[in-house]
Amino acid sequence: MKTFIEKLPKAELHLHIEGSFEPELMFKIAQRNKIDIPYNSVEEIEKAYKFDCLQDFLNIYYQGAGVLVNEQDFYDLTYSYLQKCADQNVRHTEIMFDPQTHTDRGIAFETVINGISKACDDAKIKLGVSSLLIMSYLRHLSEEDAFKTLNQSLPFKDKIKAVGLDSSEKGNPPSKFKNVFEASVKEGYVPLAHAGEEGAAEYVWEAIDLLGIKRIDHGNNSLQDEDLVKEIIKRDIALTVCPLSNTALRVVDDLKNHPLKKMMDLGLKVTVNSDDPAYFGGQVNKNYMEIQKALNLSKADLYQLAKNSFQYSLLDENIKLVYLNELEVYFNNNK
Ligand code: HPA
Ligand code: ZN
């Protein structure tokens, strides 16, 4: 199973680039920028990465992102993640970034987007990993603030495929961002959002009905509402599930109780992703391996998960077909 997963061609659809920031690189960039971080060693960092809930994690995640200043920092962060993609047979990835985390500290939008997108361009050529970008609005901030970000993004529209919604879910429902999502769609961005991670099924309803999202990030709590599950299936919306994130943030108490297989059996289209791999104890392949073991998934289940990852990506249909064909050949030779 380990080798089967390692060699399985796959896409990652739920990844926050700021959450891929490994301690070693964080130290290096902090030093380069002469910024103090409250840790003296990798061990100290790892000790601090114990979370009780989403907010606990977010506080530490925003602090870590605070050492990113120059275009080169964003480039190095992104290229380092893309190298891990290449090592894991992640053939395509859809990368979320949080512009407000940086622009609120006085970093120009341009610095962030140029660093990230140059790394993506280089990785396509040098590593053969394709990628596209999802600009995520921080839901703990106001809709007005999100509008500012939307406007800042417009000169770089050709580099951004979609908009997302992340950060503290509880108390910040999708309805708060109805207008900015409408405006984002008018600009040509595909609407996506985190929903039903800590928030109730009602938030998922809002995300699909009011924001018109094409994919749900997490979506675990959709299972609380049978009618919602039916509606998600009817609209053919996928859920980007993140097993190790769910246990790290206590959305799920134990991987053995993770609802992923139940979701698949209900007919929901789910994918496996790492979310914030530097903080949650594993890259995407580790997520596949751990959930395979915990739920005793078959090779056919893993094939289905990888198939969904290409099928529900935001790639053009003709490119999807190329990846899907590569996956099918792999599965037929390795079942
Ligand atoms: N949920 C919400 N916001 C986030 C996450 C997450 O899992 N990771 C990074 N920002
Ligand atoms: Zn996420």
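Hydrogens, waters and symmetry mates play no part in the numbers below; they use all other heavy atoms, side chains included. Just so you know, ligand 1 is whichever comes first in the structure, and atom 1 is the first atom listed for that ligand.
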Quick one: which ligand 1 atoms are inside 4.0 Å of a heavy atom on Asp276?
-> 5 (C), 8 (N), 9 (C)
Is it true that Asp217 lies under 4.0 Å from ligand 1, counting heavy atoms only?
-> no
Identify, for atom 10 (N) of ligand 1, the protein heavy atom at the shortest distance, and state residue, atom and that distance.
-> His16 CE1, 3.6 Å
Less than 3.5 Å between some nitrogen or oxygen of His14 and one of ligand 1, yes or no?
-> no
Under 2.8 Å from the Zn ion (ligand 2), is there an N/O/S atom belonging to His16?
-> yes
So, are Glu94 and Arg215 salt-bridged, with charged N and O less than 4.0 Å apart?
-> yes
Is the shortest side-chain N to carboxylate O distance from Arg139 to Asp166 below 4.0 Å?
-> no
Shortest non-hydrogen contact from Val163 to Ile134?
-> C-CG2, 3.8 Å
Below 2.8 Å, any N, O or S contact between Glu197 and the Zn ion (ligand 2)?
-> no
Using a strict 4.0 Å cut-off to heavy atoms of Asp275, name the atoms of ligand 1 that fall inside it.
-> 6 (C), 7 (O), 8 (N)
Decide whether Asn273 and Thr240 meet the rule of one side-chain donor and one side-chain acceptor closer than 3.5 Å.
-> no
Below 4.5 Å, heavy atoms only, C-beta onward: do Val90 and Lys84 meet side chain to side chain?
-> no
Distance-only polar pair, side chains of Glu12 and Ser274, donor-acceptor under 3.5 Å | yes
Mark the output for His218 as yes if a heavy-atom distance to ligand 1 is under 4.0 Å, and as no if none is.
-> yes
Proximal atoms of ligand 1 relative to Phe57 (non-hydrogen, under 4.0 Å) = 8 (N), 9 (C)
With a cut-off of 4.0 Å, which atoms of ligand 1 are near a heavy atom of Glu197?
-> 1 (N), 2 (C), 6 (C), 7 (O)
Considering just N/O/S atoms, say which atom of Asp275 is closest to the Zn ion (ligand 2).
-> OD1
Roughly, to 10 degrees, what angle do His14 atom NE2 and His194 atom NE2 form around the Zn ion (ligand 2)?
-> 90°
Can you find an N or O of Ser167 that's nearer than 3.5 Å to an N or O of ligand 1?
-> yes
Given that the side chain starts at C-beta and the backbone is N, CA, C, O, which of these parts of Leu54 lies under 4.0 Å from ligand 1, counting heavy atoms, or is it both or neither?
-> side chain
CD of Glu187: more than 12 outside heavy atoms within 6.0 angstrom?
-> yes
Say whether Asp104 and Tyr62, considering side chains only, have a donor N or O and an acceptor N or O under 3.5 Å apart.
-> no
Are any N, O or S atoms from His218 nearer to the Zn ion (ligand 2) than 2.8 Å?
-> no
When you look at Asp301 and Lys261, which way does the salt bridge (Lys or Arg N to Asp or Glu O under 4.0 Å) test go after all the steps?
-> CA-CA 9 Å; Asp301 292 329; Lys261 181 72 173 112; 3.6 Å; yes
Salt bridge Lys118-Glu71, side-chain N to carboxylate O under 4.0 Å = yes
